[in-house]
Amino acid sequence: MYEFAVILLSTILVNNYVLAKFLGICPFLGVSGKVETAIGMSFAVMFVMTLASTASWLVQQYILIPLDILYLQTIFFILIIAVLVQFIEMMIHKTSPVLYQGLGIFLPLITTNCAVLGVALLNIQHDHGLFTSAFYGLGAAIGFGLVLILFAGLRERLDGAPTPKAFKGSPLTLITAGMMSLAFMGFSGLVKF
Amino acid sequence: MLKSLRSLFQPKVTGIYPEKHKLTATAAIAEAPLSSHYILPLKQHIGEICTPLVRVGDRVLKGQKIAKSQGYLSAAIHAPTSGIITKIGEHAITHPSGLSMESIFIEADGNDQWDTTLATLQDWKQLEPSILRERVRLSGIAGLGGAVFPTFIKLLQDKNHPIESVILNGAECEPYLTNDHRLMVEHSEEIVLGLQMILHMVKANTAIIAIEDNKPDAIACFQRIITAQELHHIEVKSLPSSYPQGSEKQLIEFLTKKQVPAGKLPLHIGLICQNVGTTKAIHDAILWGKPLIERVVTVSGDAMPNPGNMRVRLGTPIDQLLAWHGLENMDGCHLIHGGPMMGERLGHAHAPVVKATNAVLAFLPQTMMAAHKEESPCIRCGDCSQVCPASLTPNLLADLCRQDQFEKVADYHLFDCIECGCCSYVCPSHIPLVHYFRYGKGQLATIKREKAFADESRQRSSAKEARIQREKEAKEAAAAKRKQARAATAPVTPPTQPTEGQS
Amino acid sequence: MQNLFTAMLSFSLFALISGILLAIATRFFKVEGDPIVEKIDALLPQTQCGQCGFPGCKPYATAVAEERAEVNHCIPGGERTMLAIADLMGVEPKEIEEGPTAPMVAFIREDECIGCTLCIKSCPVDAIVGAPKQYHTIIAKDCTGCTLCLEPCPVDCIDMLIKPELLEHWAWPLPGSNRAELGHERKEQHHA
Amino acid sequence: MILLSSPHIHGGNSIRKVMFSVILSLIPATLFSVYLFGWLSFLIIVSCMGAALVSEWGCLRLMKRPIAPMFDGSAALTGLLIALTLPALTPWWMTILAAMFAIILSKQIYGGLGYNPFNPALSARVILLISFPLQMTSWITPMSVDHLLNLYDFSIASQLFFFGVQSLNTSLDAITMATPLGHVKTALSQGISVPDALAHYPYHWLDAFIGNEGGSIGESSALALLLGGLFLLGKGVIRWQIPCSFLITVALLSLISSLIAPNQFAPPLFHLMAGGLMLCAFFMATDPVSSPVTHKGQLIFGIGCGLITWSIRNFGGYPEGAMFAVMLMNCAVPLIDHYTRPRVYGRAAS
C-alpha cells in the first residue's frame, strides 16, 4: 500500500511526465485551450495510459518473453495503444459529440502521445510488477491530467490579456509552461522512486 | 460559537459606506411654481407603454387621465395641470441612450383647475381591498424609489403567499438624496396612514418602518406617532447607513435574515416592500382622490447654486427645475438623473421630470471625472467581491463580459446583478464594472432576441419550402390526373398545348 | 527462421483479435446522424440570404459540419456567429471579409409597384404580402434583410432601409463608446 | 459625448495607494536588513528596485504603450520584494538579472500588471535559485562578521557587492553560515536528530523572531515582517484568509509531526520563524494578482501553500519550500477561483 502511494506521489508531482520528463508535450500544448476539453482529454489519457501499461505488461510477460520476440516490443505496444485510442475515440464520439469536436485531431493523436508509450516502456525497464505497472500508468496519467487542467486554467485566464503581439499564442504558452515546470522543480527530491 | 466561526468563513456582505453628502437634509420641501408647459412621456414605469386618451387641441384638467395603460404591467398618466394639449410626439427623455419617446405636451392655462371626478375614499377602512387597489391602479402610482414598478401589482393578494409583514422603505441609502427624508419628516402622519391602507389592502398584520440611522429626526417623528396612536403592530427600525441598504432584497435580508430566492418576489416569502414616497402617493390617491401628478425631487450636487427639495409636477422640464434652483447655464457641469450611485448622466436638461426622478444632481467636472478615471487593468484585489451585495465575483464577470464570453456569463449569474455600483465604487483600478455588466446584459438580451427571430425565420422558411413542395406535388398530381383522364376519354386526339404552365 | 515465423504469427493473431474487438466496439458505439449540423444551424441567423454561397442556412451548416466550407462565410451573422461556429468546430477563427452592417429591412415604394409577385416568390421567409396586379408590401417585423427581393423586381421599387433603433431594444455599448452615434443618427438616417 | 455608466462617485482607492501601502509595510523589514547587513543590503535593494523600474520603462517603451504604469508603484514593489528574498552575498549582476526576470519575463510579457499568473518577485527568485544554486545558498553570517569585514563601511560593502568575496582575501566559509532550515536538513541527512541539530546551531532558533540568523536579507526578522503584515491587514490591503491559513497549516502540520517524531521533525515555532515563511505568507502569497479572489478560494490557497511548504521542508530536496509552494499554488488560482465562487444572493449553493 505504502509503495503504491509513493508511486502515485512520485509520478504525479516529483517526476511529472510533462513538467519533469517533458513527455506528452504535444497534447499538453494542443488541448489546454479550455478547461472542459482539458478535463475530457485527461480522462481519455487516464483510460488509455492505465490500460496500456497493464496490457503492455501482460503482452511483455506472456507473449514477448515466452516467444522470445522482444524486438517486436515497440510494434506490439503501439498496436495496443492504437486499439485503446480507437476505442476511447468511438466512446467519446458516442457519448459527447461536443467534447469530440473540441478534442479534434488530438484525440486520435493520443496514439502518438509519447508519454503513453513512454510509460509502457519505462514499466518494462524498471521491472515493475503488474500492479505496480498499472499504478505507475495511472499516476503518470493523473500527473499529466493535473498539469493539463491547471495549465488550461492559466491559459483561459491569459486569453483576455493585452499580451505583446510578439508573445501572443505559443510563445507565451511555452513560457507559462516553463514557469510551471520551475514551480514543480520544488518537488524534486520529495520522494525517491 | 460555531455560528460565529462559520460566519468568519462566510463573511457577511455589507456593501459600502460612502460619504453621504446629504446637503439638503434640513431644507424643507418647497412647492414648485407653475411651469409654462409640461411634457409627459408615455412610459414612466416598468412595463407596457401607455396610449394617449387625448388629441392635440383638447383641453384637460389637472389630474385628468390623459393616457391609459395598455396591458397589465402599466401605469396610467395624468395631467399635472389644466391646459391645452399642444402636441403628441417624440421628445427627449431621461434615458442613457439619448433616444426619445412619444410624449404628450401640455400648455398650462394658469388656472390649475382640478378634475374632480375621482371621489375621495374617506371610509377606506370599510372598503374592500380590491376597490382601494383599483384606485391605486387608476391613479397611475408606480414605485417612487426609482424602480417605478406599477404599485397595484405589488398590492395584489395571492392565496398561496399570504403577506405577513409590510416593510416601509425609508432607508434612502444613496448619497445626496434627501427627498424621502424630508417627506418622512414633514408628512409622517400621512405616511403612517398610507401604511395602514397598505396593511388593509394586503391583509398583513405587522409592518416595519426601516430608516437609516443618519435620519434620527425621521425616526423620532414616526416613533412619536406610533406611540401617540398606539400602533403596536408597526415597528420603527434603525438601519446602519451603508449602501445599498435601501435595495429591496438587501433590506429584506437585513431585517428578516431571509433571502428572496432568485427569480422570485418578496411576496413569495410573505413580505412586501414599499417606498415612503409611494406610500404617501397611495394615501393621497385614496384619501384625497389625487392621482400621481407630482413628486418630491432633491436638487443637489456641488455645482448646484441653491440645492433644495422641491415638490415638482411630473412633466416639468428639468432645465426649468434647475433654473428655479439658480442653475441657468449648464455648460460647466454634469447632470445626473437620480442618485450618484445608480442615476444616469443626462446629456442635456430638456427631458422632463418623470415618476422615477428622485433627484437631479449637478456635479462639477472635477468631481465627476474623479469617479470616471481611465480604467487600469484589474489587479484582482477582490474588493468588489467583498462588497457585492449579491455575492457575485464582479471582476471575473466583467472579464467575461469584456471578452464577449456570454455563454459563461449565465453560469456566473450576471442577471443577479442589481447594478448598485458598489463594485465600481471600491475598484482601485477604476474599472467601470457596472458598465460592463450592462453591456453584457444588453448583449445577452440582443442575442436572445436575434435567436428568437432566427427561429421564427427558420420556421417561416421551412414553411415556405414545404408549401412550394406541396404545390409542386399537387401540380404534378393534377397533371398526371389530367393526362390519365385524357388518355382515358380521348386516346386518339392529338395532345393540346397545356395552358396552366403559363401563369 | 522459426522465430520469425512465430513472430509473424503471434503479431498477426494479436492484431486480428484487436481488430475483432474494435469491430464489436464500433457496432456498440455507433453514432446516428450528425447533431453538429443542427447545432451550427441553430447558431446561424436564418436570413436564408445565400451570401455564404450556399442556398440557405441549413445547407451552409451542413457544409461547415462536413468541413467543406470555412466558418467565416455568414455575413449577416457577423463576428459573433463566426466565433461561435469556430468554437463549436474547434477550429481557429477566421476574419470575415465584409464588415458588419447595420440591420436592414426591405421597403417597397408602393406607388411604383406593378404587382408582379416576383418578389413574393423570392422571399425566403414569406415576409411579402400581395396579390397579382396589387400593391405588395413587406411585413417589416418578419423581414430578415436578406436583399433577395431586390434583384427580381423589374421596376426597382424596393429599398433597403436601416432598421430603426427601438428604445426597448437599446443595449449599453462597451465602455468608452460615444453616445451620439447610438440612437439619433440611425434614426435620422431612417427618416431621411 | 462619452456614455458614462453609474456610479458617478468613487471611493478614492487606487492601484498606487495599494502598492505604496505595501511598500510602506515593508519598511521595518527593509530597515532591519540594513541594520543586519549594512551597505550591502542597501546596494542590493537599490539595484533591484532600479533595475525593475528601468526594465518596466524599457518594456513599455518597446511595446509603445503609455509609460504611466511605471509610476504606479508595482515595479518598485516587485524590485523591493526580490531584493528582500536575496542572500546578502548576491553579486550585482544577479540582482539586476533577478529584477529583469521578474519584470520582463513574468510580468510585462503577460501584458503587464494584473495579468501575470505568477508572482513576479517569486518566480524571479525561483529562476535564480535553480540557475545559480551556489550563490543563492551562501548566507553571510549577520553581525558577527564585524571583525572580519565591516559591512557598515561603504567601500567594503561595495567591493563585496561588485567584485565578490575573493577580492577581500577572505574565504567564503569564514563569513557564511547555514540558515536554520538548511542546518537542520543537513543534520538530518547526517543522522543527527533535530533537537541535537538545533542545540548546535550558533544561534538560538528563537532569535529568528527578532532576526539574528542567516538567511535572505529581508526574511531574517519575523517580527519586522509580522509588523508589516499586521499593518496591511489593518489597512485592509490584504485579507486575513491567506496569511492565516498558510501559517496555521504549517504550524499545525509541524506540531503534529513533531509530536509524533520529535527527532525527525522540527517544532512548529521553529518552522514559523525560520526561512521565508513570514515573507511569503504576508507579502508573496497575498499578492492580489496571483492569488484567488474569493474568500473560500483564499483559504484553500493558503492551506495548499502551507501543505506544500511543510512537505518540501521536511521531505523535499530543498531546505525551504515556501517560494515553491506559493508558485505552485499560483498555477491553481484560476481553477480555485472558478470552483469557489460564493453563493449568489437568493440562490442555492452551486
TODO: Indicate whether the side chain of D:R347 and that of B:H413 have a donor and an acceptor atom separated by less than 3.5 Å.
DONE: yes
Task: For D:M100, all residues meeting side chain to side chain contact (heavy atoms under 4.5 Å, CB included), sequence neighbours excluded - done: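 In terms of side chain to side chain contact (heavy atoms under 4.5 Å, CB included), with neighbours along the sequence ignored, D:M100 is linked to D:S55, D:I96, D:I104.
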- [ ] For B:R380 and D:G114, indicate whether the former's side chain and the latter's backbone hold a donor-acceptor pair under 3.5 Å.
- [x]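 Flag not set: sc B:R380 to bb D:G114 has no pair under 3.5 Å.
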- [ ] Indicate yes or no for a side-chain donor-acceptor contact from D:R239 to the backbone of B:G382 under 3.5 Å, with no hydrogens or angles considered.
- [x] yes
Answer with side chain, backbone, both or neither: which region of [X] has an atom nearer than 4.5 Å to a non-hydrogen atom of chain B?
| X | result |
| --- | --- |
| D:S74 | neither |
| D:T294 | side chain |
| D:P292 | backbone |

Open item on the list: Only pairs of heavy atoms separated by less than 4.5 Å count here; which of B:G339, B:P18, B:G343 has the most with chain D?
Closed with: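 It is B:G343.
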Open item on the list: By the definition side-chain contact (heavy atoms from CB on, under 4.5 Å), identify the one residue from B:V434, B:L433, B:I336 that meets it with D:P7.
Closed with: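 Of B:V434, B:L433, B:I336, side-chain contact (heavy atoms from CB on, under 4.5 Å) with D:P7 is met by B:V434 alone.
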Task: Nearest-0.5 Å distance, CD1 of residue D:I9 to CG of residue B:L361 - done: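 Atom-to-atom, D:I9:CD1 and B:L361:CG are 9.5 Å apart.
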TODO: First locate atom CG of D:N13, then atom OH of B:Y425, and finally report the distance between them rounded to the nearest 0.5 Å.
DONE: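 D:N13 atom CG to B:Y425 atom OH measures 10.5 Å (nearest 0.5 Å).
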TODO: Start with the C-alpha distance between D:H8 and B:Y176, add both sets of side-chain angles, then the distance that settles ring pair (Phe, Tyr, Trp, His ring centres under 6.0 Å), and finish with yes or no.
DONE: CA-CA 12 Å; D:H8 303 290; B:Y176 290 96; over 10 Å; no
Open item on the list: Please verify the inter-ring angle class for D:H10 with B:H430; under 30° counts as parallel, over 60° as perpendicular, anything in between as tilted.
Closed with: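 Aromatic pair D:H10/B:H430 classed parallel.
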Open item on the list: Tell me whether B:D411 is salt-bridged to D:R341, with the criterion being a basic N under 4.0 Å from an acidic carboxylate O.
Closed with: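 So B:D411 pairs with D:R341 through a salt bridge.
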TODO: Give the intermediate values and the outcome of side-chain contact (heavy atoms from CB on, under 4.5 Å) for residues D:S6 and B:R438.
DONE: CA-CA 10 Å; D:S6 62; B:R438 289 180 165 165; 3.3 Å; yes
Open item on the list: Restricting to non-hydrogen atoms, name the atom on D:Y345 and the atom on B:D416 that form the minimum distance, rounded to 0.1 Å.
Closed with: O-OD2, 3.9 Å
